[in-house]
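Quick notes on the structure that follows.
A note on names: the letters A, B, ... follow the listed sequences, proteins ahead of strands, and every chain is numbered from 1.
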Amino acid sequence: MSTAAQQAAARSTATRSRVLTYGLTLLVLAVVMVEVVNIAFYDPWGDDYFLFRMQGVLANVSMSALTWIMFGSLFLLLMAGLPLAFVAGGLGVVFLYLLGDSAMLNIIPSRIFPMMTNPDLAAIPLFIFMATMLERAGLIEELFDAVYQWMGGLHGGLAVATIVASTLLAAMVGVVGAAIVTMGIIALPAMLKRKYDPEIAIGSIMAGGTLGVLIPPSILAILYAVVAQQSVGELYLGSVMPGLLLSSLYILYVVVRTTINPKLGPPVPVEERLSMNQKLALLRGLIAPILLVMMVLGLLFAGIATPVEAAGLGSMGAMGVALLHKRLSLKALIGASTDTVKATAMVLWIIFGASIFVGLYILQGGQAFITDTILSTGLSPYGILLLMMILLVVLGMFLDWVGILLLAVPIFVPIIKSLTFDGLFGMPGPSPDAVVLWFGVLYLINMQMSFLSPPFGYALFYIRGVAPPEISMATIFRSSLVFLAIQVLALFLVVVFPSIATGLPDLVYGR
Amino acid sequence: MSLESIGFVLPHSVYWGVLTLVPATLLAVAWKQGIVPAVPYEPDAGPIEKTLDWISDRTGLFVALWSVMAVCAYTYEVTARYLFNMPTIWVHESSFLLFGMQYMMAGAYGLLHGSHVRVDVIYTKLSLRRQAAVSVFTSVFFFIFILAMMGTAYGFFFDSLAMDERSVETWQVQYWPVKMLMLVGACLIMLAGISRLIKDIRIYEKQLRSEVSA
């Protein structure tokens, strides 16, 4: 029972909350409206203005103060839950006005339009379309089923099958979410039922899923190539070997652990295994998708088709695979198209917003400021590289991958370009014209780590969404750690032996 | 390059016509079959909110179907080039422009369907009321961005229209419709943002009321 006094207290709390929320909002809105009047009706360079004018008040602020103000406000608004696209866009507009004048606002369409007419970016929706179409064809389930029937007899066979299937999937799909969620639904219950160690089971699903970031056709690689002005094909080639390296390291780890202690991953009992004929029959369903992957990557690497064309053909092929599985219908087309557009709208609007914000920061001399600050630390080139890697992983805890790419890469790449890497431990460094490519691969491995790193990695939450409730968040966190360590090892290997990344492109493009 | 090696060139009017008619036809067929996805209205949405959500959803659905056409176009290009040795001058440009327009127009659809992800470090730990209150406040920055985009895209579009701007590639397709859709896309996401704000205010007031009566 609530008394009248409690009621009155609750009502006054509510009033206070309303005053605070609406009051603050209207206050900021009023300031904005005054400036809108200024922009619309007054000459930006004249002395007349309406009530007050804040145009250009930050024009004489030092670069270091500006860095704090800009990125501080970005951080605050992000924490308040506004999506990055609008935080960056909104603050970009605010700072354009506060640093310059209302005429500077015309930068907005002239930054967005080149993104709308960028020929390479079209590969993003096309590869996403291909992936959603293959998903609708029921391919992921089939893939796992076949691989698992073939490998189930090994120690840790299911976990190995998960990683192998994820690697194959990564070669068809350029994103992380779908692989982890689907594998979590099919492979995780299968492994838990067979008394697999939950940490190995969950870890192999998450780690396998993050391979989508690295193994072509990765969406992130397309974006990196566009932002860093590299060739998409070269970056794809460069990430093949590191991707396979990581995948084999994961498998090696699982096999070693389960051979030492078979309780962690018992093989499938003999009576449950399929006969050779049944196994061969399972393979039949895989022929079409594997041909499709070989076609897409083959066309791409042989230089017959550009990444965009390969993506287009791949999408057409995915529709063909769906047709073979009798899953191609107008409904499936609409479903795949809307899923695609939901994903691309998010990615592209972040690009729109962030390119205004970061573009302005670079225009104001932020690039030179960051470069000077980093160089003045007196670190060696490899020390600077390490610093960047740490920054990327830390950023990865808060921002999604498109955000990190747009915020960090335009600032980091020119610094990397200006450094000379002489090699570590007596090994040769990357050749000067392959440095940006090499950094791109390192960056992709870094992003994989940010997907997997507790407490905010996306992979952890994808798996949380589909794992049975008795798996605690602590177990998920713990299971990511070993695989994270393997990723650090792979990163280290690529840093010390740059040819893992640059070897294939050098060979194909004959540098 | 001899004339016959250029092959078929898509006329501009056909391009714009196909962009309008094909999705409309596909949607009409889908409507007849009853497989058009439903608009995700909230249970207690009012008429204004429903209208805004309907607009965001249907425009998104319309432009989403363009992807299928780009897939066909790229397949045509590679086939024409390698099997018939007749590269086209229009496939690439028509397709990436189509996607460029799609990105802009789909912002509202993405907002309605919640695909613009939030950083959920602190936000998700707040109570529903605080979440809504914070969203109402931060929406000001959303509106600053979109208002500035609408204002500047307006001039951008009319300048382009006045001089009948064409692409610099060989195909020379009109640029002003692309710039027009930039303006339209900004207006659409503005409407979706207004609907979002109405939702946030409604959640906020509902939470406040339930806290007072509790």
Side-chain angles (χ1 to χ4, degrees), chain A residues 10-11 14 17-18 21 24-25 28-29 32 77-87 89-91 93-94 105-106 108-109 112-113 116-119 121-122 125-126 129 304-305 308-309 312-313 315-316 330-331 333-334 337-338 340-346 348-349 353 398-400 456, chain B residues 26 29-30 33 35 37 60-61 63-65 67-68 70-71 73-75 77-78 82 92 95-97 99-104 106-107 109-110 113 115-119 121-123 131 133-138 140-142 144-145 147-149 151-153 156 178-179 182 204 208 211-212:
Chain A
R11 218 170 281 136
S17 169
R18 276 198 189 98
T21 310
L24 261 180
T25 309
V28 180
L29 202 64
V32 174
L77 270 182
L78 273 176
M79 287 298 137
L82 187 66
L84 175 63
F86 311 127
V87 173
L91 287 177
V93 171
V94 168
L105 293 178
N106 287 315
I108 301 167
I112 293 177
F113 195 66
M116 292 172 70
T117 53
N118 185 310
L121 284 180
L126 287 170
F129 184 86
I304 294 175
V308 191
E309 288 167 351
L313 283 178
S315 302
M316 186 52 95
L330 185 56
K331 192 175 177 187
L333 271 187
I334 292 179
S337 306
T338 48
T340 307
V341 97
K342 275 176 212 164
T344 44
M346 190 271 286
L348 266 295
W349 276 78
F398 303 99
L399 289 172
D400 58 283
F456 303 119
Chain B
L26 284 179
V29 174
Q33 296 180 6
I35 52 167
L61 201 55
V63 296
L65 292 172
S67 311
V68 184
V71 172
Y74 281 118
T75 310
E77 157 80 20
V78 179
Y82 283 97
H92 277 266
S95 301
F96 67 69
L97 285 181
F99 279 122
M101 296 183 280
Q102 190 190 58
Y103 309 143
M104 269 320 283
Y109 186 78
H113 287 267
S115 45
H116 294 282
V117 286
R118 301 167 183 277
V119 175
V121 179
I122 296 176
Y123 186 80
Q131 279 187 2
V134 168
S135 295
V136 169
F137 176 70
T138 53
V140 176
F141 290 89
F142 167 85
I144 291 176
F145 177 36
L147 201 65
M149 193 191 264
T152 48
F156 204 58
V178 185
K179 293 188 173 176
M182 189 174 180
Y204 176 64
L208 274 184
E211 273 170 43
V212 168

Option in [options] with maximal non-hydrogen atom pairs under 4.5 Å from chain A:
{"options": "B:Val178, B:Val29, B:Leu208, B:Val63", "answer": "B:Leu208"}
{"options": "B:Leu97, B:Leu147, B:Leu65", "answer": "B:Leu65"}
{"options": "B:Gly60, B:Gly100, B:Ala73", "answer": "B:Gly100"}
{"options": "B:Ser67, B:Gly110, B:Ala133", "answer": "B:Ala133"}

[X] versus chain A, heavy atoms under 4.5 Å apart: side chain, backbone, both or neither?
{"X": "B:Thr75", "value": "both"}
{"X": "B:Tyr109", "value": "side chain"}
{"X": "B:Val71", "value": "both"}
{"X": "B:Val136", "value": "both"}
{"X": "B:Leu26", "value": "both"}
{"X": "B:Glu77", "value": "side chain"}

Between [atom1] of [X] and [atom2] of [Y], what distance do you get to the nearest 0.5 Å?
{"X": "B:Phe142", "Y": "A:Leu77", "atom1": "CZ", "atom2": "CG", "value": "14.0 Å"}
{"X": "B:Lys179", "Y": "A:Met116", "atom1": "NZ", "atom2": "CE", "value": "10.0 Å"}
{"X": "B:Met149", "Y": "A:Ile112", "atom1": "CE", "atom2": "CD1", "value": "3.5 Å"}
{"X": "A:Leu313", "Y": "B:Tyr74", "atom1": "CG", "atom2": "OH", "value": "11.0 Å"}
{"X": "B:Phe99", "Y": "A:Leu126", "atom1": "CZ", "atom2": "CG", "value": "4.0 Å"}
{"X": "A:Thr340", "Y": "B:Gln102", "atom1": "OG1", "atom2": "CD", "value": "8.0 Å"}

Would you say the side chain of B:Phe96 lies within less than 4.5 Å of the side chain of A:Asn118, judging by non-hydrogen atoms?
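Heavy-atom side-chain distance check fails, nothing below 4.5 Å.
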
Is the shortest heavy-atom distance from the side chain of A:Leu91 to the side chain of B:Phe141 under 4.5 Å?
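Of all side-chain heavy-atom pairs linking B:Phe141 with A:Leu91, at least one is under 4.5 Å.
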
Looking only at heavy atoms, which two atoms of [X] and [Y] are closest? And how far apart?
{"X": "A:Pro109", "Y": "B:Ala153", "answer": "CG-N, 4.4 Å"}
{"X": "A:Val341", "Y": "B:Ala106", "answer": "CG2-CB, 3.7 Å"}
{"X": "A:Ala80", "Y": "B:Val134", "answer": "O-CG1, 3.0 Å"}
{"X": "B:Tyr103", "Y": "A:Trp349", "answer": "O-NE1, 3.0 Å"}
{"X": "A:Ser337", "Y": "B:Val68", "answer": "OG-CG2, 3.7 Å"}
{"X": "B:Ala148", "Y": "A:Ile108", "answer": "CB-CD1, 3.7 Å"}

Can any side-chain N or O of B:Tyr204 pair as donor or acceptor with the backbone N or O of A:Arg18 at less than 3.5 Å?
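Looks like yes, one N/O pair under 3.5 Å.
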
Atom group of A:Phe129 that falls short of 4.5 Å from chain B, counting heavy atoms
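For A:Phe129, side-chain heavy atoms alone lie under 4.5 Å from chain B.
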
With respect to chain B, which residue among A:Val308, A:Thr344, A:Leu29 yields the maximal number of heavy-atom pairs within a distance under 4.5 Å?
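Counting heavy-atom pairs under 4.5 Å, the top option is A:Val308.
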
So which of A:Ser315, A:Ala10, A:Gly89, A:Ala85 has the largest heavy-atom pair count under 4.5 angstrom toward chain B?
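Winner by heavy-atom pair count: A:Gly89.
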
Do the ring planes of A:Phe86 and B:Phe145 sit parallel (below 30°), tilted (30 to 60°) or perpendicular (above 60°)?
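Answer is tilted, since the angle falls between 30° and 60°.
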
B:Val140 pairs by side chain to side chain contact (heavy atoms under 4.5 Å, CB included) with which of A:Leu82, A:Thr25, A:Leu24?
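Considering A:Leu82, A:Thr25, A:Leu24, a side chain to side chain contact (heavy atoms under 4.5 Å, CB included) with B:Val140 is found only for A:Thr25.
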
